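As the structure lists them, so they are numbered: ligands from 1, and atoms in each ligand from 1. Along the sequence shown, residues carry numbers from 1. Everything numeric in this text was worked out from a predicted model, so none of it was measured.
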Amino acid sequence: MAYDLVVIGSGPGGYVCAIKAAQLGMKVAVVEKRATYGGTCLNVGCIPSKALLHASEMFAHAAHGMADLGVEVPAPKLNLAKMMAHKDSVVKANVEGVSFLFKKNKIDGIQGTGKIVAAGKVAVTNEKGEEQVLETKNIVIATGSEVAGIPGVAVEIDEKVIVSSTGGIALDKVPGKMIVVGGGVIGLELGSVWSRLGAKVTVVEYLDTILGGMDGEVSKQFQRMLAKQGMEFNLGAKVTAVVKSGNGAKVTFEPVKGGEAQTLEADVVLVATGRKPYTAGLGLEEAGVALDNRGRVEIDGHFRTNVAGIYAIGDVVKGPMLAHKAEDEGVALAEILAGQHGHVNYDVIPGVVYTQPEVASVGKTEEELKAAGVSYKAGKFPFTANGRARAMQVTDGFVKVLADKETDRVLGVHIVGFGAGEMIHEAAVLMEFGGSSEDLGRTCHAHPTMSEAVKEAALATFFKPIHM
Ligand code: NAI
């Protein structure tokens, strides 16, 4: 039987594209080589890391966040095996959820490794080595990304002592000392998990700031908060070697600006220096599908590769490697294939770092606006002046709203603080509608909520906040 659509890869990009296409009446198959659906995000990424982030947060909170609220409990005891079992059960529920949705939408899930033979033909080889060829009108490459390793440095990741994020969410004991190579999202999220559970965590980062690309003020304040929680930072430091040594590993790094190298030892080293598009074994070369100079599948504004009938979305193409960006591309592409006008607004893609406090942003940073020569106004409001934050003892952080100086249109919103990852979406909706800081500042916000700080920062942008 011929399909309308065969999707290769069942991560957030692929599975969402498949469901949307099926909802729009297409006959769809999804090829997945893992035993379960959901890709990196559901199996070994976003979802399990959030289970550990939450559980470790509860542990830290029970240890020193409750006495001042008048809740006195004995020092908590860590049951790491149980915490991991919680994580595993969350993963199971999510991947089974995708399986259920495939059945509900009459999508054929095909276990095996997919290879594009030519436009319209995908060969799938299962674990036993048996091959079948699927005939289809359209093919979507949604194969995601893999660990990039440290550029120019040969590192043997054994997922026990030298780990990527995959091993970093599955350690069987809390390391005494952990070195995190790369102060990006993965490094800081997983670094905080193990730091809260008792590890001494040192981050070694090439750039002068953590979370490169985030608003500079946010990243500076965030680093201070993490340092207060016990994390150490070596910034402007280039890691040149990671080698196993005894039961642990050694990390050598040197100042980027030049100077003497130093070597630190740790029980576990987390390598979190980025991810790269995953295209190995897909048959792209044979099928004539072009890659760009960074190894990503090249697409046009409608997700089309250079070969008719072959499309690509998610981490394997340009743009931020974020699950929700991939999902939105999946929906837009399914709509396009159904003759509709799917579209993704790349100017309004929120980014969230799920530490405690969270960091969230949407739109442009001050640095980007300066570089583009845009004249803008900035309004800021600290959570120290927010009643709800005081009541919950989460006064660390602030909201910053950036708006066009002439038109007042909101161009970027940056939040560091408790619940930032939820609060950011009112800014995203506002920006989707081209709203101004006055629109946001005049929108009634429930009292007392953390979100009032968003309203106050907007008020500060176009006039003055009330509570400051
Ligand atoms: P990243 O690109 O966020 O950070 C990697 C960091 O490693 C950079 O700051 C870079 O300067 C540094 N680095 C590179 N080479 C180095 C060297 N030799 N020495 C020292 N530092 C070096 O990559 P990360 O954290 O591995 O995440 C991978 C992808 O997954 C990202 O695209 C990220 O957006 C995504 N992700 C998103 C999450 C979220 O949205 N909450 C959570 C986890 C991952």
Pair E426, H445: side-chain N/O donor-acceptor within cut-off below 3.5 Å: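 Yes - a donor-acceptor pair under 3.5 Å links their side chains.
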Aromatic contact, F418 with F383 (centres under 6.0 Å):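 Distance test on ring centres: not under 6.0 Å, no.
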Residue pair P277 / R296: nearest heavy atoms and the distance that separates them: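 Scanning both residues, the minimum pair turns out to be CG-CG, 3.4 Å.
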Test applied, side-chain hydrogen bond (donor to acceptor under 3.5 Å, both in side chains); reference residue, Q356; option that passes from R196, Q229, E57, H61: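 Testing each of R196, Q229, E57, H61 against Q356, the sole residue satisfying side-chain hydrogen bond (donor to acceptor under 3.5 Å, both in side chains) is E57.
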Protein residues that have a heavy atom under 4.0 Å from any atom of ligand 1, sorted by chain and number: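 Correct list: I150, P151, G182, G184, V185, I186, E189, V204, E205, Y206, L207, A237, K238, V239, A272, T273, G274, R275, M321, L322, V352, Y354.
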Side-chain (R409) to main-chain (G435) donor-acceptor, under 3.5 angstrom: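 Looks like no, no N/O pair under 3.5 Å.
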Heavy-atom donor-acceptor pair, S245 side chain to G248 backbone, under 3.5 Å: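 No: the side chain of S245 does not pair with the backbone of G248.
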